[in-house]
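Take a look at the structure set out below.
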Amino acid sequence: MSDDDGRDQTHGREAGADGPAPGPRPEPIRFFGTTWVEHDNGYALRRVAVAAGSLLGAFASAYLLRFAYEGLEIGNVGPFLSISVVVLFAIASSIAFVKTWESFGRRPAPSSDEAALKGLKAIGFIGSLIAYFLRCLVEAPGEKLRRAEYERAAAEYARRRSTRTGNPAARRPKRKK
């Protein structure tokens, strides 16, 4: 993963003889890996591809749902059930959109209701795909959150490393007056 000059390609830091450079490592993002750190290795092309793929998936999914609705109409189930199905998919899609959009900006709490909403997000998958598409127009989904965490961890690491000077065991004890 490193080239001939000893630099780690994914992070732009010096690699030591023992392996990669010490310090915090950026968290990879699905479909982007760690290219979001320096926007290299085809980051822009990946954003375009992921945005196009999610939009294409949303259109294909909506088209398939249209066939399902037509199946209900052919089955002559009545207007109440037909309208209920459309309304329920719309509600599930809007909830999935909101929850997916929120997940790009913050990590869910350990005791949150995210596990309970998995089924609802699966039903409203079109909303999740649209949220993914819209976020890809701005940045990689979750990049802002991961960048803030990574920069905070790097600053904390630099602060901890800069305060260490010399061997603490070799220091003389302070004299009491």
Side-chain angles (χ1 to χ4, degrees), residues 1-65 89-90 92-164:
M1 227 166 153
S2 63
D3 53 6
D4 293 332
D5 68 349
R7 294 180 59 83
D8 187 1
Q9 291 177 347
T10 56
H11 306 103
R13 296 181 301 196
E14 296 295 323
D18 298 335
R25 309 286 291 182
E27 183 179 350
I29 297 175
R30 181 184 300 156
F31 304 121
F32 295 92
T34 56
T35 60
W36 60 268
V37 176
E38 303 207 13
H39 295 186
D40 58 354
N41 295 334
Y43 169 81
L45 183 63
R46 289 178 193 216
R47 266 188 42 205
V48 169
V50 169
S54 62
L55 187 61
L56 184 64
F59 278 129
S61 301
Y63 194 67
L64 289 175
L65 285 176
F89 266 103
S93 290
S94 63
I95 291 172
F97 177 87
V98 169
K99 291 299 181 181
T100 303
W101 191 264
E102 286 175 355
S103 72
F104 297 145
R106 64 170 174 76
R107 297 223 185 247
S111 63
S112 71
D113 58 344
E114 290 294 320
L117 291 175
K118 279 188 179 181
L120 188 65
K121 285 174 78 174
I123 293 170
F125 58 96
I126 294 176
S128 293
L129 288 171
I130 292 172
Y132 218 79
F133 165 73
L134 291 175
R135 184 54 103 179
C136 283
L137 296 178
V138 178
E139 65 182 4
E143 177 182 347
K144 185 176 182 180
L145 172 68
R146 286 177 175 84
R147 184 171 302 282
E149 290 173 349
Y150 176 64
E151 288 175 353
R152 191 173 343 149
E156 178 68 21
Y157 178 77
R159 186 186 61 77
R160 283 193 320 248
R161 294 296 297 170
S162 66
T163 58
R164 295 181 184 170

**Request:** Indicate the ring-plane relationship of Phe104 and Trp101, choosing parallel, tilted or perpendicular according to the 30° and 60° boundaries.
**Result:** perpendicular
**Item:** With sequence neighbours excluded, residues passing side-chain contact (heavy atoms from CB on, under 4.5 Å) with Arg107
**Value:**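 Glu27, Leu145, Arg146, Glu149.
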**Counterpart residues, side-chain contact (heavy atoms from CB on, under 4.5 Å), relative to Leu120 (two or more places apart)** =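 Listed in chain order: Ala92, Ile95, Leu117.
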**Item:** Nearest heavy-atom neighbours spanning Tyr150 and Pro24
**Value:**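 Tyr150 and Pro24 have their closest heavy atoms at CE1-O, 3.7 Å.
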**Prompt:** Which heavy atom in Ser61 sits nearest to a heavy atom in Gly57, and how many Å separate them?
**Reply:**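 Looking at all heavy atoms of both residues, the shortest contact is OG-O, 2.7 Å.
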**Complete:** Quick note, ring pair (Phe, Tyr, Trp, His ring centres under 6.0 Å) partners involving residues 24-54, not counting sequence neighbours, are Phe32-Tyr43, His39-Tyr43
**Request:** Sequence neighbours left out, what passes salt bridge (Lys or Arg N to Asp or Glu O under 4.0 Å) with Arg106? Give chain and number order.
**Result:** Glu102
**Item:** salt bridge (Lys or Arg N to Asp or Glu O under 4.0 Å) partners for Arg47, two or more places apart
**Value:**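 Partners of Arg47 by the salt bridge (Lys or Arg N to Asp or Glu O under 4.0 Å) criterion come out as none, since no residue qualifies.
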Under 3.5 Å, side-chain donor or acceptor atoms of residues 127-136 against the rest of the protein: list the pairs with distances, not counting sequence neighbours.
| unit_1 | atom_1 | unit_2 | atom_2 | d |
| --- | --- | --- | --- | --- |
| Ser128 | OG | Thr100 | OG1 | 2.9 |

**Request:** Calculate, to the nearest 0.5 Å, the distance between atoms CD1 and OG1 belonging to Ile29 and Thr35 respectively.
**Result:**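 Rounded to the nearest 0.5 Å, the CD1-OG1 separation comes to 7.5 Å.
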**Item:** Heavy-atom side-chain proximity of Glu156 to Arg159 below 4.5 angstrom
**Value:**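 Side-chain contact under 4.5 Å: yes.
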**Message:** If you count every heavy atom of other residues, nucleotides or ligands that lies below 6.0 Å from Tyr157 atom OH, does the total exceed 12?
**Reply:** yes
